[in-house]
A.B. asks: 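This is the structure I want to talk about, given as structure tokens.
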Amino acid sequence: MRLMTQTTTPSVTPTAMRRTLAGFATGLSVVAAEIDGQIVGMPANSLASVSLDPPLVSLAFAHTSTTWPILRRAPRWGISVLGEAQAHVLQDLRRPAAERFGGIEMHIDDGAAFVLGALATITVTPRTAVEAGDHTLVLLEVKDLHRDETQRPLVFFDSTTHTLSH
């Protein structure tokens, strides 16, 4: 019996992860808070439901984010789930952090900031942060939430935005 040693290239690379998980459709949300009189936040497609009792959701923030270190100082955050009518919001969110919310109509409630007209809004308080590879995974306690059931979601799939067909 002859054993052969084979050198293989790892198949799980950052590019392979990105390409493969682009096949998993997610909703698009914006997480934001008012800090020192300014709205600070960013788009997020990592929003996930974690627990119904107690009510928890999670978000993941890249260690390279310049917004995350500022946002984590806020005691309350607003999460706005974007609907089909908010596709234009994503263009504004691509601007530099200091200009990001200049063209977006926002509502602030006790420090939590929300996109006006969003499909859903969720008020949260940070509960636990866990280092997870090149991201920080944050568990958030849900304090309040609302959904406009007349809207349809904006969806992120294959690295682009889409709407659901009726």
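Given the structure is predicted, the values throughout are model-derived calculations rather than measurements.
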A.B. asks: Taking His135's backbone N and O only, do any of them form a donor-acceptor pair with His63's side chain (distance below 3.5 Å, no angle check)?
C.D. replies: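 Looks like yes, one N/O pair under 3.5 Å.
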A.B. asks: Please name the pair of heavy atoms, one in Ile35 and one in Ile70, separated by the smallest distance, quoted to 0.1 Å.
C.D. replies: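 In this case the closest contact between Ile35 and Ile70 is CD1-O, 3.2 Å.
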A.B. asks: Under 4.5 Å between side-chain heavy atoms, hopping through other hydrophobics if needed: is there a path connecting Val31 to Val81?
C.D. replies: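 Val31 clusters together with Val81.
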A.B. asks: Find the distance between CG (Asp110) and CZ (Arg76) and round it off to the nearest 0.5 Å.
C.D. replies: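 Reported value, rounded in 0.5 Å steps: 4.5 Å.
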A.B. asks: Between Gln86 and Gly83 (side chain of the first, backbone of the second, donor and acceptor by atom type, cut-off under 3.5 Å), is there such a pair?
C.D. replies: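 Yes; at least one donor-acceptor contact below 3.5 Å.
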A.B. asks: Between Arg100 and Thr67, does any side-chain donor sit less than 3.5 Å from a side-chain acceptor?
C.D. replies: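 The answer is yes; a qualifying pair exists.
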A.B. asks: Side-chain heavy atoms under 4.5 angstrom apart, residues restricted to Ile, Leu, Val, Met, Phe, Trp, Tyr: same cluster for Ile39 and Leu93?
C.D. replies: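 Ile39 clusters together with Leu93.
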A.B. asks: Rounded to the nearest 0.5 Å, what's the gap from CG on Asn45 to CG on Leu21? Could you check?
C.D. replies: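 The CG atom of Asn45 sits 10.0 Å away from the CG atom of Leu21.
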A.B. asks: Side-chain heavy atoms under 4.5 angstrom apart, residues restricted to Ile, Leu, Val, Met, Phe, Trp, Tyr: same cluster for Leu82 and Ile108?
C.D. replies: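 Result: yes, single cluster for both.
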A.B. asks: Is there a chain of hydrophobic side chains (I, L, V, M, F, W, Y, each step under 4.5 Å between heavy atoms) that links Trp77 to Ile104?
C.D. replies: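 They do not share one cluster, since no chain of ILVMFWY contacts under 4.5 Å joins Trp77 to Ile104.
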A.B. asks: How about Val124 and Glu141: do any of their side-chain heavy atoms sit closer than 4.5 Å?
C.D. replies: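 No; the side chains remain at least 4.5 Å from each other.
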A.B. asks: Is there a donor-acceptor pair under 3.5 Å between the side chain of Ser65 and the backbone N or O of Phe61?
C.D. replies: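 Checked: no pair found.
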A.B. asks: For a quick test of reading the model, state the closest non-hydrogen atom pair linking Glu84 to Thr163 and the distance between them.
C.D. replies: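 For Glu84 and Thr163, the tightest heavy-atom pair comes out as OE2-CB, 3.3 Å.
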A.B. asks: Once you round to the nearest 0.5 Å, how far does OG1 of Thr128 lie from CG of Leu56?
C.D. replies: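 It comes to 8.0 Å.
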A.B. asks: Are any of the side-chain heavy atoms of Met17 and Val12 separated by less than 4.5 Å?
C.D. replies: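 Side chain of Met17 against side chain of Val12, heavy atoms only: contact under 4.5 Å found.
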A.B. asks: Between His162 and Phe157, is there a donor-acceptor pair closer than 3.5 Å when you use the side chain of the first and the backbone of the second?
C.D. replies: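 Yes, the answer is positive, given that a donor and an acceptor are paired below the 3.5 Å cut-off.
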A.B. asks: So, Thr160 versus Asp158: side-chain donor-acceptor pair below 3.5 Å or not?
C.D. replies: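 Checked: Thr160/Asp158 side chains show no N/O donor-acceptor pair below 3.5 Å.
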A.B. asks: Is there a path of hydrophobic side-chain contacts, each under 4.5 Å between heavy atoms of I/L/V/M/F/W/Y residues, joining Val138 to Val50?
C.D. replies: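 Not linked; separate clusters.
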